[in-house]
Engineer: 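One structure is given below, represented as structure tokens, and several questions about it will come after.
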Amino acid sequence: MHYFGGIDIGSTAIKIAIIDEDKNLVGSTINASGSMFYKYAKKALDDLLSELKIDNEDLVYIVATGYGRKLYKEANEKISEITANAIGAKEAAKGECDIKTIINIGGQDSKAISLDSEGNVVNFAMNDRCAAGTGKFLDVVAMNLEIGVDELGEYHFKSTGAPLSINSTCAVFAESEIIGLLGNNNAVEDIVSGVHYSIAKRIIKLVKRVGIKDAIYFDGGPALNEGLVNAIENELGKEIFIPKNPQITTALGAAVLASESYEYFKSEGKL
Ligand code: ADP
């Protein structure tokens, strides 16, 4: 059996997806990127292969994507996150949702991607200049509130009144604003929901740049945060589709492309 690997070396986490010849996901892993992208990505792949009992030589084609993709020298191909995200989203939503708009929030950026009826990327918009509205911002908020990033969703749903407004558009000032709100005895849950609504408003502005077309799909690590999903849905007035493993979909897209490239180059006699 041949296997194909997608490695998404993101700013915050390294995600790896392995698929088989029928494009079934056979395994995946999520590890911190740390400061040594290549070393950690290599170790994460070796660990995953040994856990799945797959020999190195059976992993016949690897596609790398993400911020650190250029550093992964063993990759057979390197592709942009936009392409990998679009392919992975289609694969993750196959049979469930006909995606036209992708929202992706990562560790250090956020993106909106518009697809045509065939699923090709027709337009995209990206915020990679400012931490507000990214996973990193949520990490800093959680740290200031002394809760885990995976608890933000739970706190969001505990909030009763109207969400507090967070007006600062810069993550650094927003952090001071949150500390000020804590000092004024505001409840953690109300601050959390205020943060989610402020991110939702920013991301919707980004999505409007490419056009909001149904169905809308959301992935990246912050899509695991049900409170943020709730805020985006309420601000949009529409339901959004979240895949089962929203943090690994870009890696999955790279793996799908790896299997297609392998078949193509083999049929051309180049492998
Ligand atoms: P990148 O590709 O840029 O490394 P990811 O898509 O991996 O980014 O997203 C990383 C972000 O996901 C983290 O900064 C964190 O805010 C968020 N995240 C990760 N795990 C969870 C979780 N269990 N619940 C909520 N948010 C999470």
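Residues: numbered from 1 along the sequence shown. Keep in mind that what you see is a predicted model, and the values were worked out from it rather than measured. Atoms within each ligand, like the ligands themselves, are counted from 1 in listed order.
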Engineer: Below 3.5 Å, N or O to N or O, backbone or side chain included: is there any such pair between G107 and ligand 1?
Structural biologist: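 It does: an N or O of G107 is found under 3.5 Å from an N or O of ligand 1.
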Engineer: For atom 25 (C) of ligand 1, what is the nearest protein heavy atom, given as residue, atom name and distance?
Structural biologist: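 Nearest neighbour among protein heavy atoms for atom 25 (C) of ligand 1, to 0.1 Å: V149 O, 3.6 Å.
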Engineer: Which protein non-hydrogen atom lies closest to atom 20 (N) of ligand 1, naming both residue and atom, and how far is it?
Structural biologist: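 Closest protein heavy atom to atom 20 (N) of ligand 1: L224 CD1, 3.8 Å.
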Engineer: If you have a sec, work out which protein heavy atom is nearest atom 23 (N) of ligand 1 and how many Å separate them, to one decimal?
Structural biologist: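 For atom 23 (N) of ligand 1, the nearest protein heavy atom comes out as D150 CB, 3.6 Å.
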Engineer: Compute whether any side-chain donor of one residue and acceptor of the other, for D190 and N186, lie under 3.5 angstrom apart.
Structural biologist: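 No, no side-chain donor-acceptor pair sits under 3.5 Å.
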Engineer: For atom 2 (O) of ligand 1, find the nearest protein heavy atom and state the residue, atom name and distance (0.1 Å precision).
Structural biologist: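 I find the closest protein heavy atom is K15 NZ, 2.7 Å.
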Engineer: Look only at the side chain of K266 and the backbone of S261, and say whether a donor-acceptor pair between them is shorter than 3.5 Å.
Structural biologist: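 Here the side-chain-to-backbone pair does not exist.
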Engineer: Any idea which atoms of ligand 1 are less than 4.0 Å away from a heavy-atom of G10?
Structural biologist: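 Those of ligand 1 that fall under 4.0 Å from G10 are 1 (P), 2 (O), 4 (O).
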Engineer: Per the ring pair (Phe, Tyr, Trp, His ring centres under 6.0 Å) rule, which among Y38, Y40, F37 passes with Y72?
Structural biologist: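 The ring pair (Phe, Tyr, Trp, His ring centres under 6.0 Å) with Y72 is passed solely by Y38 among Y38, Y40, F37.
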Engineer: Enumerate the atoms of ligand 1 whose separation from the nearest heavy atom of G220 is less than 4.0 angstrom.
Structural biologist: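 Those qualifying, in numeric order: 6 (O).
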Engineer: Between E260 and K23, is the salt bridge (Lys or Arg N to Asp or Glu O under 4.0 Å) condition met? List the steps.
Structural biologist: CA-CA 10 Å; E260 288 168 0; K23 293 191 180 151; 3.1 Å; yes
Engineer: Give the atoms of ligand 1, by number and element, whose distance to some non-hydrogen atom of G135 is under 4.0 Å.
Structural biologist: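 Those atoms are 14 (O), 16 (O).
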Engineer: Any nitrogen or oxygen of A13, side chain or backbone, less than 3.5 Å from one on ligand 1?
Structural biologist: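 Between A13 and ligand 1 (N or O atoms, distance only) the closest approach is under 3.5 Å.
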Engineer: Run Y61 and V63 through side chain to side chain contact (heavy atoms under 4.5 Å, CB included) and show every step you take.
Structural biologist: CA-CA 7 Å; Y61 207 96; V63 170; 3.9 Å; yes
Engineer: At the 4.0 Å heavy-atom cut-off, does E81 count as touching ligand 1?
Structural biologist: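 Distance cut 4.0 Å: E81 fails for ligand 1.
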Engineer: Please output the side-chain donor-acceptor pairs of residues 128-135 that fall under 3.5 Å, not counting sequence neighbours, one pair per line with the distance.
Structural biologist:
| unit_1 | atom_1 | unit_2 | atom_2 | d |
| --- | --- | --- | --- | --- |
| T134 | OG1 | G107 | O | 3.4 |
| T134 | OG1 | A131 | O | 2.5 |
| T134 | OG1 | K136 | N | 3.4 |

Engineer: Show every donor-acceptor pair shorter than 3.5 Å between a side-chain atom in residues 224-236 and any protein atom, with sequence neighbours excluded, or say none if there are none.
Structural biologist:
| unit_1 | atom_1 | unit_2 | atom_2 | d |
| --- | --- | --- | --- | --- |
| N225 | OD1 | G227 | N | 3.0 |
| N225 | OD1 | L228 | N | 3.0 |
| N225 | ND2 | H196 | NE2 | 2.9 |
| N230 | OD1 | H156 | NE2 | 2.8 |
| N230 | OD1 | N234 | ND2 | 3.4 |
| E233 | OE2 | I240 | N | 2.8 |
| N234 | ND2 | Y197 | OH | 2.8 |
| N234 | ND2 | N230 | O | 3.4 |

Engineer: Report the nearest protein non-hydrogen atom to atom 6 (O) of ligand 1: residue, atom name, distance rounded to 0.1 Å.
Structural biologist: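 Ranked first by proximity to atom 6 (O) of ligand 1 is G221 N, 2.9 Å.
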Engineer: Give yes if a backbone or side-chain nitrogen or oxygen of D139 is under 3.5 Å from a nitrogen or oxygen of ligand 1, and no if not.
Structural biologist: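 Yes; the residue has a nitrogen or oxygen that sits under 3.5 Å from a nitrogen or oxygen of the ligand.
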Engineer: Rounded to the nearest 0.5 Å, what's the gap from OG on S33 to CD1 on I14? Could you check?
Structural biologist: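 Reported value, rounded in 0.5 Å steps: 4.5 Å.
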Engineer: Could you say whether the N/O atoms of S33 and ligand 1 ever approach to under 3.5 Å?
Structural biologist: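 It does not: no N or O of S33 is found under 3.5 Å from an N or O of ligand 1.
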Engineer: Is it true that P222 lies under 4.0 Å from ligand 1, counting heavy atoms only?
Structural biologist: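 Right, P222 reaches ligand 1.
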Engineer: Is the shortest side-chain N to carboxylate O distance from D214 to K100 below 4.0 Å?
Structural biologist: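 Salt bridge flag = no for K100 with D214.
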